[in-house]
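Below is one structure, written out as structure tokens; the observations come after it.
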Amino acid sequence: MVRFIRASDKTDGLDHLMQLVVRSLLEGRHIYACAAKVFLGESTQDEMRDEVYAVERRILDLERQISREIVLYATVHGQKDLERGVRFVGILKDAARIGEISMSLYQLAALGGEARDPDFYGMRDELALSMREAQAIFIEENETRAQKFFEKADLFEDRCESKIAALIAEDEAPASALWCRANQRVMALLVRVLATLFQPIEDASGQDDWPV
């Protein structure tokens with residue numbers, strides 16, 4: 001069974017691409033923290049605007065850099081490592097989407113008018129911790145730790161789904177339901193990033209079927 005990343009790959013340019021993923025995850029954590037503060041009423045959009053948009057610009061710059069690096073990697077290594085290049089595109093896109101979803105939370109706060117559920121603060125703290133943990137697992141390439149992360153992520157996503165169902169049944173908290181859905185999607189993206197890292201090459205055909 002051939003792993004996606006081999007130790008020998010670290011000298012082939014993939015080490016640099018992995019560093020870009022880590023940077024993207026870090027920026028995603030940063031923008032999520034800012035957006036959650038605004039949504040939960042701990043800060044205002046005016047207070048966080050400059051910081052949020054500065055992070056967004058860094059994410060966009062990082063995406064452009066990633067695109068150039070992928071082209072360079074494919075040019076240097078050619079067909080023999082095309083599969084790994086394509087897989088890394090998926091990882092990098094998923095990592096970047098975390099920042100995009102977090103940005104939508106910042107914009108969602110403008111809807112206002114809803115009391116924030118006390119559960120949302122715990123949800124925020126748990127996801128923030130999971131984002132930090134996922135980044136550490138990616139750096140360590142610790143598959144055992146990743147499996148435990150997946151189990152906790154499943155429970156978190158189930159709790160989000162239950163909360164969404166309850167909010168929809170109340171039919172009076174659209175922003176709150178969207179907050180839960182965004183948190184659920186961010187967790188799913190963290191799972192995808194780690195799952196792709198540890199997924200054997202021959203099992204890659206099912207990757208596009210994973211829900212986000």
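Since this is a predicted model, take the numbers as computed values, not measurements.
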CG on Leu197 to CG on Asn142, rounded to 0.5 Å: 10.5 Å

Test item: Gln45 side-chain N/O and Tyr106 main-chain N/O as donor-acceptor pair under 3.5 Å: yes

Contact check, side chains of Leu167 and Cys180, non-hydrogen atoms, under 4.5 Å: yes

Heavy-atom check, side chain of His30 versus side chain of Glu51, under 4.5 Å: yes

Tyr121 versus Leu40, closest heavy-atom pair with distance: OH-O, 3.0 Å

Main-chain N/O of Ile101 paired with Ser104 side-chain donor or acceptor, under 3.5 Å: yes

Test salt bridge (charged side-chain N to carboxylate O under 4.0 Å, His left out) applied to Glu157 and Arg185, step by step: CA-CA 8 Å; Glu157 292 183 56; Arg185 292 185 67 201; over 6 Å; no

Side chain to side chain donor-acceptor pair (under 3.5 Å) assessment of Gln135 paired with Arg132: CA-CA 5 Å; Gln135 181 179 328; Arg132 188 178 299 113; over 6 Å; no

Presence of salt bridge, Asp61 and Arg58, under 4.0 angstrom: no

Linked, directly or transitively: Leu62 and Ile139 (ILVMFWY side chains, under 4.5 Å): yes

Heavy-atom pair with the smallest gap, counting every atom of Asn183 and Phe156: O-CE2, 3.7 Å

Same cluster (ILVMFWY, side-chain, under 4.5 Å), Val186 and Val38: no

Identified side-chain contact (heavy atoms from CB on, under 4.5 Å) counterpart of Arg29 within the set Leu25, Leu26, Ile31: Leu26

Linked, directly or transitively: Leu92 and Met103 (ILVMFWY side chains, under 4.5 Å): no

Sidechain N-carboxylate O distance under 4.0 Å for Lys152, Glu126: no

Lys/Arg-Asp/Glu bridge criterion (N-O < 4.0 Å) met for Lys163, Asp117: yes

Path from Val22 to Tyr32 over hydrophobic side-chain contacts below 4.5 Å: yes

pair Ile137-Phe198: side-chain heavy atoms closer than 4.5 Å: yes

Pairwise side-chain contact, Met187 with Met131, heavy-atom cut-off 4.5 Å (strictly under): no

Spacing of SG belonging to Cys160 relative to CG belonging to Leu155, to within rounding of 0.5 Å: 11.0 Å

Exercise: identify the closest heavy-atom pair between Ser102 and Ala35: O-CB, 3.2 Å

Which atom of Ala36 lies closest to which atom of Trp179, heavy atoms considered: CB-CH2, 4.0 Å

Verify same cluster id: Leu129, Phe39 (apolar side-chain graph, 4.5 Å): no

Electrostatic pair Glu47:Lys37 at N-O distance under 4.0 angstrom: no

Considering all heavy atoms, the nearest Ile164-Ala177 contact: CG1-O, 3.9 Å

Nearest heavy-atom neighbours spanning Ile98 and Gly28: CG2-CA, 4.2 Å

Spacing of Lys148 atom NZ and Glu143 atom CD [to the nearest 0.5 Å]: 13.0 Å

